[in-house]
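What follows is a short report on a single structure.
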Amino acid sequence: MKVGVLGGGQLGRMLGMAGQALGFSFVFLEPADECPASAAGEWIRGGFDDPAALDALAERSEVITYEFENVPVAAVRAIEARRPVRPSAASLKVSQDRLREKEFFRRLGIPTASFEAAEGEAVLASAVGRIGLPAVLKTRRLGYDGRGQRVLREPGDLSPALAALGSGPLLLEALVPFQRELSVIGVRAASGECAFYPLIENHHREGILRLSVAPAPGLTPALQARAETYARTVMESLGHMGVLALELFHSGDELLANEMAPRVHNSGHWTIEGAATSQFENHLRAIAGLPLGATTVRGHWAMVNLIGELPDLPPLRGATGTHVHLYGKLPRPMRKLGHITLGADDAGTLMRQLEAVWRTVGGSPGPSAFVVSLRASG
């Protein structure tokens, strides 16, 4: 089968590598000067709004997917007239607007933080009066890895935040006093069959994911079941086919939905080595109409993102239970250049491995704040 992919970044690259074992071939549409995914297939260099490029992708593909959620919905709908696109434009449309996304969760009965639309200083001030401070002001569209948002802690923060975020549509959310950030990765096949990976604990710095741990420390069957119920509800409501990640705040006894990503997700990279079937293979199985693979986890896993520049790699490559993945991207501040996955039979051994890796990756002695947090969370 020939799979077309809108986007040619590292997620496309890992999809292509997973698909090779299934006998699939790939073609990627990517407008940027770099296309990391070209290591795993053909590269059509063109814009997502270029009719000729979209035609070329459709012509060379049997089924089409996307590797990030900022692909124009109009482009997906144009291709859907010629080839199946999975997930469909419905999943993409909901995920592209944070207000629409939160309203969607609310209609499905999935709890979220309090939120309101907020455009202009007068409307924002009124919304703050109802939601209260502290709160988070976000752009409704675009923005990822911490971009497009500002924390408001006092009334004097409103005007600078508006100036920083521009004049586009905005969303105000209550700042949730959560214990930790979690994500659940689910996959839904054309048959309606769903499968889920265990909840993942995620740690961010400067808005960028730095560390994921799976299964999440202290995970209970009840917490896992609740997360799966929410993700299943989202996927079934959208008729979603493929992988979907639901980002959650764990607050008290509640799980609050933050955002969804209708694609393979950074917090699931550990599944390449850590699960019987990776998120990438299961995404391809779902969109190709194949049975889903088992999501059984082998032991305990962590993933560390490599941001901005690469560390000294030989010690990492030689460490037991450690796997280095590079994306073929040029170094740039705040850019994801690769990731490291670490696996162990028990949580204590994983902790020791993680401390050693962090000293190499983080450039400072002793356990990182993330590892301390991990220890505290059990």
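Side-chain atoms of T229 and R226 include no donor-acceptor pair closer than 3.5 Å. Under the 3.5 Å distance criterion, with hydrogens and angles disregarded, no donor-acceptor pair is assigned to the side chains of N282 and T277. No donor-acceptor contact under 3.5 angstrom links the side chains of T341 and H323, judged on distance only. No side-chain donor from either of H265 and S183 sits under 3.5 Å from a side-chain acceptor of the other. Side-chain contact annotation: H203 with E201, donor-acceptor N/O pair under 3.5 Å present. Under the 3.5 Å distance criterion, with hydrogens and angles disregarded, no donor-acceptor pair is assigned to the side chains of Q10 and K336. The closest side-chain donor-acceptor pair between E273 and H325 falls under 3.5 angstrom. Q149 and T139 share no donor-acceptor pair across their side chains, judged by distance under 3.5 Å alone.
The existence of a salt bridge linking K138 and E173 is confirmed by a sub-4.0 Å separation between a basic side-chain nitrogen and an acidic carboxylate oxygen. Ion pair R130/E116 flagged as a salt bridge, since at least one NZ, NE, NH1 or NH2 atom sits closer than 4.0 Å to an Asp/Glu carboxylate oxygen. Under 4.0 Å is where a charged nitrogen must lie from a carboxylate oxygen, and between E34 and R335 at least one such pair does. Ion pairing between a basic and an acidic side chain is recognised when a charged N comes within 4.0 Å of a carboxylate O; E62 and R83 show no such pairing. Ion pairing between E281 and R285 holds under the 4.0 Å rule for side-chain N and carboxylate O.
The closest donor-acceptor contact from the side chain of R141 to the backbone of D97 lies at 3.5 Å or more, if one exists at all. In terms of modelled atom types and a separation under 3.5 Å, the side chain of T271 and the main chain of G274 share no donor-acceptor contact. A distance-only check finds a donor-acceptor pair linking the side chain of R13 to the backbone of Y327 [under 3.5 Å].
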Take H250 and R180, measure what side chain to side chain donor-acceptor pair (under 3.5 Å) needs, and give me the verdict at the end. CA-CA 5 Å; H250 187 191; R180 56 180 176 170; 3.2 Å; yes
Can you list the steps and then say if Q353 with T322 is a side chain to side chain donor-acceptor pair (under 3.5 Å)? CA-CA 8 Å; Q353 291 174 330; T322 300; 5.5 Å; no
I'd like to know whether K2 forms a salt bridge (charged side-chain N to carboxylate O under 4.0 Å, His left out) with E42, so could you lay out the CA-CA distance, the side-chain angles of the two residues, the decisive distance to 0.1 Å, and finally the verdict. CA-CA 11 Å; K2 190 70 169 282; E42 303 172 46; 2.6 Å; yes
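Using cut-offs of 30° and 60° for the angle between ring planes, the F26 and F28 rings count as parallel.
In this structure, the ring of F68 has its center less than 6.0 angstrom from the ring center of F48.
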